Structure formats: structure tokens, C-alpha cells
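Everything on this sheet refers to the single structure shown next.
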Amino acid sequence: QVQLVESGGGLVQPGASLRLSCTASGLTSDSYARGWFRQVPGKEREFVAAINWNGDDTGYLDSVKGRFTISTDGTKGTVYLQMTSLKPEDTAVYYCAARKSYSFYYTAFEYDYWGQGTQVTVST
């Protein structure tokens with residue numbers, strides 16, 4: 001059974017940085033694509049960033065390009081989302097996701113496994 005656990009959320013001021021972590025257990029191989037999504041009340045879950053199975057391809061939401069970076073610890077057990085220059089509009093619950101595939105996907109329904117979410121609040 002694959003389990004994903006996020007950590008690293010919190011309350012920060014605009015312009016600050018945060019690093020989210022997503023630790024996986026139960027992965028049966030290295031061939032998992034991993035992603036980060038976010039959701040605010042009343043809206044659909046939104047794609048933020050993703051990385052393919054071997055880490056040589058990544059994708060980002062346009063509004064976070066140049067500010068957020070997705071990476072892994074090399075074993076794919078842990079995936080990180082480094083967030084810099086945070087803005088109030090980045091406030092959301094952030095979820096990590098996994099799918100047993102070589103490529104990543106941009107839509108939430110493509111992912112099979114989800115973490116419980118971690119709150120990120122950007123406010124003065």
C-alpha cells in the first residue's frame with residue numbers, strides 16, 4: 001500500500017520561502033511519477049509541479065515558474081517542492097501525488113495516490 005506524507009507547510013509573509021516534503025512508503029519500484037497540487041476552498045485541485053520517474057523532466061504551473069522547484073532525493077522516496085518569493089495567492093492546501101508511470105501528468109485524476117495535505121498560508 002503506497003502512502004504519502006507531506007510536511008513543511010506553515011504561515012509565512014509574502015516574499016518568504018518554504019520547502020515542502022513528501023515522503024513515500026510502499027513504492028514497488030522506481031517508476032513513479034510524482035506531483036504537487038494545491039486546493040483552496042470552493043475550487044478544484046490545481047496542478048502546481050510534477051517530475052517524471054527518473055527526474056529528467058519536470059513541469060510547472062505558469063504562475064509558479066521561476067519561483068518553485070520540484071526535486072527528489074534521488075531514490076524517489078522523498079519529493080520536495082522548494083517555494084520562493086511566495087505570494088498571498090499561493091495560499092492553499094498542498095497535496096503530493098504519485099502515479100506508477102514513467103511520465104507525469106497535469107491533471108489530478110491521473111494520479112492514484114495522495115497525501116493528506118499540508119496548509120501553506122502567505123499573509124502579512
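The model shown is predicted, which means the values in this text are computed figures rather than measured ones.
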Residues two or more places apart in sequence or in another chain: which of them pass side chain to side chain donor-acceptor pair (under 3.5 Å) with [X]?
X      : value
Thr121 : Gln119
Arg19  : none
Arg45  : Gln39
Asp56  : Asn52, Asn54

Specify the closest pair of heavy atoms between [X] and [Y], including all atoms of both residues, with the distance to one decimal.
X     : Y      : result
Cys22 : Arg34  : O-NH2, 3.4 Å
Met83 : Leu20  : CE-CG, 3.7 Å
Tyr60 : Phe68  : CE2-O, 3.2 Å
Ser31 : Trp53  : CA-CB, 3.9 Å
Ala49 : Leu81  : CB-CD1, 4.0 Å
Pro14 : Thr124 : CD-CG2, 3.7 Å

For [X], which residues count as a side chain to side chain contact (heavy atoms under 4.5 Å, CB included) partner, sequence neighbours excluded?
X      : answer
Ser101 : Ala33, Arg99, Tyr105
Thr107 : Phe109, Glu110
Thr28  : Tyr32, Lys100

- Quick one: side-chain hydrogen bond (donor to acceptor under 3.5 Å, both in side chains) pairs with a partner in residues 79-96, sequence neighbours left out? Arg38-Asp90, Arg38-Tyr94, Arg67-Asp90

- Looking at OH of Tyr102 and CG of Asp57, how far apart are the two atoms once the value is rounded to the nearest 0.5 Å?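 So the OH of Tyr102 and the CG of Asp57 are separated by 15.0 Å.
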
- Task: Can you tell me which residue pairs pass the salt bridge (Lys or Arg N to Asp or Glu O under 4.0 Å) test with a partner in residues 111-124, sequence neighbours excluded?
- Result: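 Sorted pair list comes back empty.
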
- Which residue pairs pass the salt bridge (Lys or Arg N to Asp or Glu O under 4.0 Å) test when at least one of the two sits in residues 1-10, sequence neighbours left out?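 Counting only pairs at least two positions apart or across chains, no salt bridge (Lys or Arg N to Asp or Glu O under 4.0 Å) contact touches residues 1-10.
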
- Whether over 12 other heavy atoms sit under 6.0 Å from Gln116 CD: yes

- Query: Would Ser7 and Thr118 satisfy side chain to side chain contact (heavy atoms under 4.5 Å, CB included), going step by step from the backbone distance to the final call?
  - Reply: CA-CA 6 Å; Ser7 62; Thr118 185; 5.9 Å; no

- Query: ring-ring contact (aromatic ring centres under 6.0 Å, His included) with Tyr106: which residues, sequence neighbours excluded?
  - Reply: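 Scan of Tyr106 (ring-ring contact (aromatic ring centres under 6.0 Å, His included), adjacent residues dropped) gives Phe47, Phe104.
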
